[in-house]
2 protein chains.
Amino acid sequence: MTGLARTPNQIGNLIRRTRKKRGLSQSQVGARAGLRQETISLIETGNPAAKLETILAVLAALDLEFRIVPRTKGTAADLEDIF
Amino acid sequence: MTGLARTPNQIGNLIRRTRKKRGLSQSQVGARAGLRQETISLIETGNPAAKLETILAVLAALDLEFRIVPRTKGTAADLEDIF
DNA sequence: GCGCAATATAGCAAATGGCGCATAAATGGA
DNA sequence: TCCATTTATGCGCCATTTGCTATATTGCGC
C-alpha cells in the first residue's frame, strides 16, 4: 500500500485504507499513536489543519512513513523509479 | 532529491536543501506557497506543530510531494540528511 | 430488526499556528 | 571589511487544533 499524498484527503484515505487492512479500529490506532479516536476520525476525513506531528504519529502507528519525492504524474513507472 | 520524512526535522532539512538546489530564497518560496518568509523559516527548522496544509503548500511550491510508503529500515542513503 | 462495536459530533479549556509588522542576527559577495 | 540580502526572532491577534467527557449516529454480524 503506497500512494501519492498531495492533499489532506489523499492522506486520510490512505491512512483509513491501511488501518482497515491492518484490522485496526480508530481507537486502537489512537492508542498506539497517543491520540484519541476522534482525532483519528478527523484525520481520515481529511482535516487540512491537522498538525504535522499528529500525522506522523498516525503513520508510525500504522508502520507507514512519508517519503518526499519530486512531483510526478503518479504513474506506476514513477513508483518503480523510486523503489 | 528524495528522502525519508519520518520527523519534522527530516522534512525541514529536505525542504531547505531542495529550496537551495532550486536557487530560491525563503521569501520566494513563501510567495509561491502563499506563506510568509517567517513561516518557511519555522518549517525548515523543524516545527513539529506546523499544519499539514502548510507543509503541503511548501512542497508544491518546490515541485515536491509526499508519498506514503511502508516503513523501511532506514538505510544510510535514507538518512543522508542527518549529516 | 436487534444489539454492540465503531465512527462521527458537540461543548469547553488549553495550547499553538500563521498573519501582520518590526527588527535582530547571520550570510555572502565584492 | 562593508553592505545588501537572507534568515531568525518577537509581540499582539484571531482562528483552529487536540484533549476531555459525553453523546449521537452509523455499520456490521446475527
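Below, chains carry the letters A, B, ... as their sequence lines are ordered, and counting in each starts from 1.
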Distance, nearest 0.5 Å, that separates [atom1] of [X] from [atom2] of [Y]:
X     : Y     : atom1 : atom2 : value
B/L14 : B/R16 : CG    : CZ    : 12.0 Å
B/K51 : B/I43 : NZ    : CD1   : 11.0 Å
A/R32 : A/R19 : CZ    : CZ    : 11.5 Å
B/I68 : A/L64 : CD1   : CG    : 6.5 Å

Tell me every residue that passes side-chain contact (heavy atoms from CB on, under 4.5 Å) with B/E38, counting only those two or more places apart in sequence or in another chain. B/R36
Would you mind reporting whether [Y] and [X] have side-chain heavy atoms less than 4.5 Å apart?
X     : Y     : answer
B/V69 : A/R67 : yes
B/E53 : A/T7  : no
A/R6  : A/R71 : yes

Nearest-Å distance, CZ (A/R16) to P (D/dG27)? 11 Å
What is the distance from CD of B/E44 to P of D/dA8, rounded to the nearest Å? 7 Å
With a 4.0 angstrom cut-off to heavy atoms of chain A, pull out the first and last contacting nucleotide of DNA chain C, in 5'-to-3' order.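 Range of nucleotides within reach of chain A: C/dT7 to C/dT9.
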Nucleotide by nucleotide, nucleotides 13-26 of chain D touches protein heavy atoms under 4.0 Å in the pattern (B base, S sugar-phosphate only, - none) ---SSSBBBB----
Which residues pass the side-chain hydrogen bond (donor to acceptor under 3.5 Å, both in side chains) test with A/Q37, sequence neighbours left out?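 Result, side-chain hydrogen bond (donor to acceptor under 3.5 Å, both in side chains) vs A/Q37: A/Q26.
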Going by the ring-ring contact (aromatic ring centres under 6.0 Å, His included) test, which pairs reach into residues 26-72 of chain B, not counting sequence neighbours?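 Those involving residues 26-72 of chain B are A/F66-B/F66.
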When the axes are fitted on five pairs at both termini, how much does the helix from C/dG1-D/dC30 to C/dA30-D/dT1 curve, in 10° steps? 70°
